[in-house]
Amino acid sequence: MKNKSILLLLYTAALFTFTACADYLEEENRNFLSDQILLSNPQALDQLVANGYDKLRLATSNFDLDHQGTDVFTRRDIVAGISDLNDYVNLLPTNGAVGAYWANYYNVIAAVNTAISRVDEIQGLSAADRTRGLAEAKFLRAYAYFHLVENYGGVPLILEEIQTAQAEFNRASETEVYSQIISDLDEALAGVEETPSLYGRASKDAVRHLKAKVLLTRGYKDFGSASDFTEAAALAETVIGNRPLVDDFASLVSRENQRNSEVIFAVLYGADPVARGIGNFRHLLFKFVYDVYPGQTRSTLYHRGLGRAPTPYFYELFEEGDDREAATIRRLMIAEVNSAERAITAGDTSIYFPKNPWSQEEIQSKEYEVINPGEYYTPNGITQVHFPMFKKFDDPGVPYTNPGINPDGERDAVLMRSGETRLIAAEAYLQAGNATKAAEHLNALRSRAGLDNPIAPSEVTLDRILDESAIEMAGEISRWMDLKRTGRLIERVLAHNPHAALNNAIKPFHYLRPIPQSEVDVSGGTIEQNEGYN
């Protein structure tokens with residue numbers, strides 16, 4: 001299977017969508033009847049579009065390309081050795097994460113293309129449901145193509161259900177892909193509901209937010225224009241007016257308040273084990289192997305961590321008094337079991353990460369482990385790497401799971417919220433020459449975080465916006481895409497990612513990922529590889 005193109009597999013997936021209903025005990029060929037049964041139901045369009053939403057779960061859980069190899073996230077290792085994805089050392093077209101990202105987003109496209117191509121065959125479908133369903137499908141397709149084009153450059157534009165096997169595909173230009181994304185978003189904006197009847201469906205604000213981000217990104221490119229920035233700012237302002245910030249950041253990220261005024265679009269999971277699939281992964285992000293410390297055990301609060309970590313620079317970004325720090329990371333870990341090794345009982349402090357370094361005398365006076373800033377990647381005889389873990393995605397009570405077992409996270413995965421819309425607006429205004437409005441949006445976020453020292457318009461720079469985004473949106477959006485868009489990828493990775501800086505291997509061609517080698521091979525070379533990866 002490894003030599004099959006995902007684009008070829010789209011045909012296979014579409015074929016099985018319409019044959020799976022056949023009773024395997026019957027010898028009679030019932031494929032046509034299966035189509036007939038499905039398409040005779042007016043709810044078929046909803047079912048087909050729901051398949052696109054479902055595929056989006058896995059696509060947006062491919063965190064390696066979004067987080068690693070950036071200024072604020074790195075690999076969870078001592079500062080030694082090499083990594084292809086994080087350190088940009090020997091990053092090859094055969095990299096598994098690169099292939100999975102491509103495959104997962106094309107699976108979203110395959111699902112919604114089936115809905116788009118089959119819509120006119122569905123019997124009894126009302127005009128209103130047809131318009132809404134097609135609009136949602138095109139929103140999802142635009143979302144997928146935006147992530148593909150930014151990571152890989154021009155990619156094959158597949159706009160209809162593939163019903164015959166084919167291997168010959170050609171890459172569209174970035175300009176063409178962006179034009180299609182904008183076209184899909186314009187149709188989506190006209191057709192989706194302002195306030196969807198079902199939570200989780202794409203709304204007009206979700207389309208506006210995505211289009212604002214797409215236009216902001218296009219504005220930097222040689223085929224973009226200054227009007228992209230002004231239009232992005234205008235779209236963002238509409239969303240901001242409709243989606244007020246939650247008053248308190250801790251409340252914003254709490255599980256109890258996960259569906260709030262600030263959320264624009266989220267992928268839903270929930271407690272139903274059938275409906276949620278394999279579950280949300282986010283509660284496992286940015287955590288170290290804590291359970292070997294005295295007083296700790298495998299916990300349904302702290303959970304197992306995945307293999308990435310914040311950089312030291314990330315922790316340095318939080319100013320004194322920034323409420324987002326305590327809501328995002330956990331400096332204090334409480335013992336969950338008694339420790340015979342040390343005088344620690346359940347409920348005592350087990351591990352502490354002071355914001356400012358403690359003296360060795362003070363550290364030695366404590367029974368619990370104290371890990372100073374500057375020592376996060378220094379082995380201490382218990383673990384090699386240790387750092388204040390993320391808490392903003394915590395999902396208490398979800399079972400502890402080992403690698404290879406479904407994570408079963410129940411929280412919604414918020415993909416868009418108006419906190420990010422404020423940042424999009426700030427960046428768009430800055431690029432349009434209006435630093436005053438840019439500062440206004442940054443200060444709205446800082447004020448919500450409890451900071452009373454506003455940023456002056458003269459202090460607004462791209463780097464300042466990137467720093468604010470790192471704090472506000474940590475782990476929620478693709479940091480790599482933000483650095484690429486602003487042209488700051490190489491500069492900030494070398495300045496702030498200790499592992500990548502050690503290897504000093506990142507080059508300009510790394511502004512694009514390699515096209516998965518399987519796609520190049522199966523296409524017979526009609527899909528050309530990106531420069532630097534041949």
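Nothing here was measured: the structure is a model prediction, and the numbers come from that model.
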- Query: For the residue pair Y269 and G279, what are the closest heavy atoms and their distance?
  - Reply: CE2-C, 3.4 Å
- Query: Are the charged groups of K392 and E476 less than 4.0 angstrom apart, N to O?
  - Reply: yes
- Item | Flag, side chain of Y145 to backbone of V155, donor-acceptor distance under 3.5 Å | no
- D184 CG to L210 CG distance, which is reported to the nearest 0.5 Å: 10.0 Å
- Query: With the threshold set at 4.0 Å, does a side-chain nitrogen-carboxylate oxygen contact exist between D46 and R132?
  - Reply: yes
- Between R324 and D248, is the closest basic N to carboxylate O distance under 4.0 Å? no
- Charged N to carboxylate O under 4.0 angstrom, K437 versus E237? yes
- Item | Sidechain N-carboxylate O distance under 4.0 Å for D66, R308 | no
- How are the rings of F265 and Y53 set relative to one another: parallel (under 30°), tilted (30 to 60°) or perpendicular (over 60°)? tilted
- Task: Identify whether the distance between the nearest side-chain nitrogen and carboxylate oxygen of D54 and R57 falls below 4.0 Å.
- Result: yes
- Measure from the side-chain N and O atoms of N104 to the backbone N and O of A59, and report whether any donor-acceptor pair falls under 3.5 Å. no
- Query: Does the pair D463/R492 count as a salt bridge with the N-to-O cut at 4.0 Å?
  - Reply: yes
- Task: Decide whether N90 and D84 meet the rule of one side-chain donor and one side-chain acceptor closer than 3.5 Å.
- Result: no
- Does R218 make a cation-pi contact with F223, if we ask for NZ or CZ under 6.0 Å from the ring centre and within 45° of the axis? no
- Message: Would you compute the distance between atom CZ of R422 and atom CD of E472 and round it to the nearest 0.5 angstrom?
- Response: 10.5 Å
- Query: Thinking salt bridges, do E528 and R171 make one under a 4.0 Å N-O criterion?
  - Reply: no
- Message: For Y178 and E150, which I'm curious about, is there any donor-acceptor pair between the side chains at under 3.5 Å?
- Response: yes
- Query: How long is the span from the CZ atom in F393 to the CZ atom in F390, to the nearest 0.5 Å?
  - Reply: 6.0 Å
- Look at the side chain of S447 and the backbone N and O of A444, then say whether any donor-acceptor pair between them is shorter than 3.5 Å. no
- Message: Does either side chain, that of N51 or that of Q47, offer a donor lying less than 3.5 Å from an acceptor on the other one?
- Response: no
- Pick from R330, R255, H283, R411: which one makes a side-chain hydrogen bond (donor to acceptor under 3.5 Å, both in side chains) with D394? R330
- In sequence, state the C-alpha distance, the side-chain angles, and the governing distance for Y376 and Y315, and then conclude on ring pair (Phe, Tyr, Trp, His ring centres under 6.0 Å). CA-CA 11 Å; Y376 296 165; Y315 298 105; 5.2 Å; yes
- Query: Is a side-chain N or O of Y152 found less than 3.5 angstrom from the main chain of W102, in a donor-acceptor match?
  - Reply: yes
- Task: For I162 and F169, run side chain to side chain contact (heavy atoms under 4.5 Å, CB included): C-alpha distance rounded to whole Å, both residues' side-chain angles, the deciding distance at 0.1 Å, then the answer.
- Result: CA-CA 12 Å; I162 299 176; F169 293 91; 3.9 Å; yes
- Task: Show your working on side chain to side chain contact (heavy atoms under 4.5 Å, CB included) between V263 and Y199 and close with a plain yes or no.
- Result: CA-CA 11 Å; V263 174; Y199 189 86; 3.4 Å; yes
- Is the cationic atom of R513 (NZ for Lys, CZ for Arg) positioned less than 6.0 Å from the six-membered ring centroid of W480 and within 45 degrees of its normal? yes
- Item | Presence of salt bridge, R464 and D467, under 4.0 angstrom | no
- Message: For residues 87-104, which residue pairs pass the salt bridge (Lys or Arg N to Asp or Glu O under 4.0 Å) check, not counting sequence neighbours?
- Response: R75-D87
- Task: Please test V207 against E136 for side chain to side chain contact (heavy atoms under 4.5 Å, CB included), starting from the C-alpha separation and ending with a verdict.
- Result: CA-CA 9 Å; V207 180; E136 290 182 43; over 6 Å; no
- pair L45-D129: side-chain heavy atoms closer than 4.5 Å: no
Check residues 186-196 and write down every donor-acceptor pair under 3.5 Å in which the side-chain atom is one partner and the other belongs to a residue at least two apart or another chain.
from, atom 1, to, atom 2, distance (Å)
D186, OD1, K211, NZ, 2.6
E187, OE1, K138, NZ, 2.5
E193, OE1, S197, N, 3.2
E194, OE1, R208, NH2, 3.4
E194, OE2, R208, NH1, 2.9

- Item | Test item: S61 and R282 side chains (from C-beta on) under 4.5 Å apart, heavy atoms | yes
- Message: Is any side-chain heavy atom of T486 closer than 4.5 Å to one of Y220?
- Response: yes
- Message: Looking at every non-hydrogen atom in both residues, tell me the closest pair between I527 and S523 and how far apart they are.
- Response: N-OG, 3.0 Å
- Under 4.5 Å between any side-chain heavy atoms of L216 and D228, yes or no? no
- Task: Mind listing the closest non-hydrogen atom pair of P93 and I515 along with its distance?
- Result: CB-O, 3.3 Å
- Look at the side chain of D322 and the backbone N and O of F318, then say whether any donor-acceptor pair between them is shorter than 3.5 Å. no
- Is the closest side-chain heavy-atom distance between L215 and I182 below 4.5 Å? yes
- Distance-only side-chain donor-acceptor flag, S251 / N257, under 3.5 Å: yes
- Would you say N107 and L58 make side-chain contact, with heavy atoms under 4.5 Å? no
- If we only count heavy atoms from C-beta on, is the L415 to L56 side-chain gap below 4.5 Å? yes
- Query: Should V267 and D412 be marked as a side chain to side chain contact (heavy atoms under 4.5 Å, CB included) after you check the CA-CA gap, both sets of side-chain angles, and the distance that decides it?
  - Reply: CA-CA 6 Å; V267 174; D412 296 344; over 6 Å; no
- Qualifying residue, where the test is ring-ring contact (aromatic ring centres under 6.0 Å, His included) with H496 and the options are Y313, F73, F314: Y313
- Start with the C-alpha gap between E427 and R485, add the side-chain angles, then the distance that decides, and say whether salt bridge (charged side-chain N to carboxylate O under 4.0 Å, His left out) holds. CA-CA 11 Å; E427 189 177 330; R485 177 183 67 247; 2.8 Å; yes
- Message: Once rounded to the nearest 0.5 Å, what's the spacing between atom CG of L423 and atom CG of L442?
- Response: 6.5 Å
- Message: One thing to verify: whether E262 and R448 come together as a salt bridge, which I'm taking to mean a side-chain N less than 4.0 angstrom from a carboxylate O.
- Response: yes
- State the CG-CG distance between L85 and L92, to the nearest 0.5 angstrom. 11.5 Å
- d(L512 CG, Q529 CD) to nearest 0.5 Å is 10.0 Å
- Tell me, with the steps shown, if R243 and D205 meet salt bridge (charged side-chain N to carboxylate O under 4.0 Å, His left out). CA-CA 9 Å; R243 308 277 176 160; D205 278 340; 3.0 Å; yes
- Query: Side-chain donor-acceptor pair under 3.5 Å between T74 and N497, yes or no?
  - Reply: yes
- Item | Contact check, side chains of H209 and R417, non-hydrogen atoms, under 4.5 Å | no
Under 3.5 Å donor-acceptor pairs involving side-chain atoms of residues 451-460, not counting sequence neighbours:
from, atom 1, to, atom 2, distance (Å)
N453, OD1, R446, NH2, 3.1
N453, ND2, E319, OE1, 3.2
E459, OE1, A456, N, 2.7

- According to the interplanar angle, ranging from 0 to 90°, do the rings of Y105 and H147 count as parallel (below 30°), tilted (30 to 60°) or perpendicular (above 60°)? parallel
